[in-house]
There are 2 protein chains.
Amino acid sequence: MITIGQLAKYVGVSIKTIRVYHDKGLLPEPDRDVSGYRRYDAKDAIDLIKIRTLAEAGVPLARIRDLRSATGEEFQQALREIDDELTASIRGLQATQVRLRELAAGHLAPLPTEVGAHLEHLARWGFTPRWVDLQRDLWILVFATYPDRAITLFHDQAETLANPALRQLFLDYDQAHDLDADDPRIDGLARRIVKATREHYGPDELPELDAASEIPALIQGTVNASSPAWRRLDTLIRAQLEA
Amino acid sequence: MITIGQLAKYVGVSIKTIRVYHDKGLLPEPDRDVSGYRRYDAKDAIDLIKIRTLAEAGVPLARIRDLRSATGEEFQQALREIDDELTASIRGLQATQVRLRELAAGHLAPLPTEVGAHLEHLARWGFTPRWVDLQRDLWILVFATYPDRAITLFHDQAETLANPALRQLFLDYDQAHDLDADDPRIDGLARRIVKATREHYGPDELPELDAASEIPALIQGTVNASSPAWRRLDTLIRAQLEA
DNA sequence: ACTTGACCTTTCCCCTGGGGCAGGGTTGCA
DNA sequence: TGCAACCCTGCCCCAGGGGAAAGGTCAAGT
């Protein structure tokens with residue numbers, strides 16, 4: 001009949017852990033000797049080893065406790081479930097490891113240099129610093145979120161801005177920030193943007209809308225929050241494109 | 001400038017999680033709007049994504065917080081360490097899975113039938129119930145701990161007990177339980193046991209001693225605790241074998 | 001016989017990584 | 001003007017223990 005300390009050392013857990021298991025009903029309290037010390041036998045040791053095997057598999061203590069009163073068949077079934085969960089969490093960790101390595105491999109780099117160059121272009125084309133900052137935030141987010149497709153999206157956007165007529169639309173969008181929400185010029189701008197969008201993508205497919213739902217609504221939220229006029233512009237454009 | 005709820009949804013965490021990260025200093029508290037709501041920008045979003053990547057790798061929040069002030073080189077070094085730890089914990093889970101499957105495969109079966117038969121033999125040979133119980137505990141433990149080697153050890157032991165002269169030594173060990181610790185018969189028994197051991201294994205290798213250090217000290221502890229005479233016997237045998 | 005150190009007992013609060021609730025204020029939309 | 005859906009802070013809860021306090025017990029050495 002060994003003491004709690006010997007049992008703990010043998011199984012490789014702390015004394016505290018064994019007492020916690022008693023408190024939570026995982027391991028029955030053994031008899032005490034004359035001085036009130038707990039005294040354990042070999043059965044307790046193998047019970048404890050089983051409990052630890054399950055606990056190390058991530059099974060919550062309450063579930064291990066319930067398993068104590070399970071039949072053989074229920075127990076086997078539970079073990080299969082636990083095994084599956086274990087497999088899933090191993091897969092999860094492996095996926096995390098992949099992401100960790102992507103992080104290490106430099107996807108923390110703020111932005112490709114060509115994007116930085118493009119942002120400087122914007123200022124020279126007459127966009128406000130506010131707009132440039134917004135664009136920087138947008139591309140950081142897009143590159144963080146869709147590292148593989150971001151550069152394509154970026155080239156597409158850069159090409160659009162190389163066209164002076166289209167660029168003017170964006171300049172007008174930028175300027176609209178400070179208009180009153182009910183300024184009639186907003187309606188005109190919305191119509192022109194919708195028209196250009198339809199010409200660019202055809203009447204059937206509107207990839208920009210799809211892209212916009214993937215490219216974080218975060219940015220549109222930012223845009224809308226900072227100006228009532230922009231909010232109205234967004235509402236008008238969406239309504240006309242969906243019509 | 002988005003709200004906490006939008007940020008949470010975007011990154012895929014709970015609002016609570018973000019607030020916890022503020023409290024723990026992982027993510028700086030952003031500015032508040034006029035109504036006291038936190039307002040976030042894209043930088044916060046990518047910071048949060050980085051934090052989540054590390055947190056999902058099992059990195060404690062305190063360590064992630066410290067990483068915030070690390071240089072690029074320190075950060076890369078930390079990532080390598082985290083990667084290694086992740087590999088180790090995946091290995092650990094896989095090992096747990098193996099043990100879980102052993103458990104499911106029936107290593108919970110108390111004891112092979114031939115061991116049960118052997119224990120009944122012991123009683124008929126004149127061993128006390130106390131000795132038989134001790135042997136049962138021992139074999140339960142050995143089969144739980146070394147499932148692959150236990151049956152070999154058991155056959156070895158059964159063979160030894162089939163020899164009447166050697167069996168008498170164990171019977172004498174059993175009987176010695178109730179002697180006084182300073183009874184001279186204990187010294188005689190110790191000498192006979194040491195002699196038999198040397199004859200059985202030769203003078204150079206003493207596999208029983210090695211096995212005894214692997215086969216849980218738990219049992220020897222139990223043995224020693226239950227009788228001063230047995231304790232003395234153990235001490236004498238060890239001293240003479242090591243000499 | 002006494003001390004010493006290692007062990008044991010109980011109770012209590014601490015930690016991490018959040019979840020959930022209470023009780024209140026704010027915003028947007030009809 | 002109402003209502004749902006936000007947001008705020010503060011609080012307690014969970015698992016799975018760690019560690020400290022304050023005391024009882026045991027074996028060894030002197």
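Lettering follows sequence order; numbering is per chain, from 1.
At the phosphate of C:dT27, OP1 or OP2 sits under 4.0 Å from a side-chain N or O atom of B:Ser35. Considering only side-chain N and O atoms, A:Tyr21 lies under 4.0 angstrom from the phosphate OP1 or OP2 of D:dG17. Here B:Arg52 reaches the OP1 or OP2 of C:dG18: one of its side-chain N or O atoms lies under 4.0 Å away.
Judged as a salt bridge (charged side-chain N to carboxylate O under 4.0 Å, His left out), not a single pair has a partner in residues 9-21 of chain A (not counting sequence neighbours).
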Tabulate atom names and distances for all N/O pairs under 3.5 angstrom spanning the protein and nucleotides 3-6 of chain D.
unit_1	atom_1	unit_2	atom_2	d
D:dC6	O2	B:Tyr37	OH	3.4

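B:Arg32 comes within contact range of the sugar-phosphate backbone alone, with a heavy-atom separation under 4.0 Å but no base atom that close. Using a 4.0 Å heavy-atom criterion, one finds that A:Arg38 contacts the sugar-phosphate atoms exclusively.
Salt bridge present: B:Glu81 and B:Arg63 bring a charged side-chain N and a carboxylate O closer than 4.0 Å. One finds a salt bridge joining B:Arg192 and B:Asp172 here, because a Lys/Arg side-chain nitrogen approaches an Asp/Glu carboxylate oxygen to under 4.0 Å. Salt bridge annotation for B:Arg68-B:Glu74: absent, with no cationic side-chain nitrogen under 4.0 angstrom from a carboxylate oxygen. Ion pairing between B:Arg39 and B:Asp33 holds under the 4.0 Å rule for side-chain N and carboxylate O.
A:Ile18 places its CD1 atom 10 Å from the P atom of C:dT9, with the value rounded to the nearest Å. When the P atom of D:dA15 is taken as reference, atom CD1 of A:Ile64 falls 12 Å away, rounded to whole Å. At whole-Å resolution of the value, CZ in A:Arg232 and P in C:dG28 are 17 Å apart. In this structure, the CZ atom of B:Arg65 is 12 Å from the P atom of C:dC15, given to the nearest Å. The CG atom of B:Asp31 sits 17 Å away from the P atom of D:dC7 (whole-angstrom rounding). The CD-C1' distance, from A:Glu29 to C:dC8, rounds to 14 Å in whole Å. Atom CG in B:Leu7 sits roughly 10 Å away from atom P in D:dC7 (whole-Å rounding). Summarising the geometry, the separation between CG on A:Asp23 and P on D:dC14 is reported as 13 Å, rounded to the nearest angstrom.
Using a 4.0 Å cut-off on heavy atoms, the residues of residues 53-61 of chain B that approach DNA chain C are B:Pro60, B:Leu61, listed by number.
Residue A:Gly36 is the one, among B:Val20 and A:Gly36, whose nearest nucleotide of DNA chain C lies closer to the 5' end (criterion: closest heavy atom). Mapping B:Arg19 and A:Asp33 onto DNA chain D by nearest heavy atom places B:Arg19 at the nucleotide closer to the 5' end.
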Can you give the donor-acceptor pairs under 3.5 Å from side chains of residues 180-187 of chain A to other protein atoms, not counting sequence neighbours?
unit_1	atom_1	unit_2	atom_2	d
A:Asp183	OD1	A:Arg185	N	2.8
A:Asp183	OD1	A:Arg185	NE	3.1
A:Asp183	OD2	A:Arg185	NE	3.4
A:Asp183	OD2	A:Arg185	NH2	2.8
A:Asp187	OD1	A:Arg232	NH2	3.1
A:Asp187	OD2	A:Arg232	NH2	2.9

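Using a 4.5 Å heavy-atom threshold, the side chains of A:Lys195 and A:Arg191 count as separate.
Residues passing the side-chain hydrogen bond (donor to acceptor under 3.5 Å, both in side chains) test with B:Tyr21 are B:Arg52, sequence neighbours excluded. Every side-chain contact (heavy atoms from CB on, under 4.5 Å) that A:Asp83 has, sequence neighbours left out, goes to A:Thr87, B:Gln97, B:Leu100, B:Arg101.
Counting distance only, with no hydrogens placed and no angle test, the side-chain atoms of A:Lys16 and the base atoms of D:dG18 include a donor-acceptor pair under 3.5 Å.
For B:Ser14, whose side chain is taken as the heavy atoms from C-beta onward, the closest listed nucleotide among D:dG17, C:dT9, C:dG19 is C:dG19. Candidate nucleotides D:dT9, C:dT16, D:dG17 were compared by shortest atom distance to the side chain of B:Lys24, and C:dT16 ranks first.
Aromatic rings of A:His22 and A:Tyr40 (six-membered ring for Trp) have centroids within the 6.0 Å cut-off, being under it.
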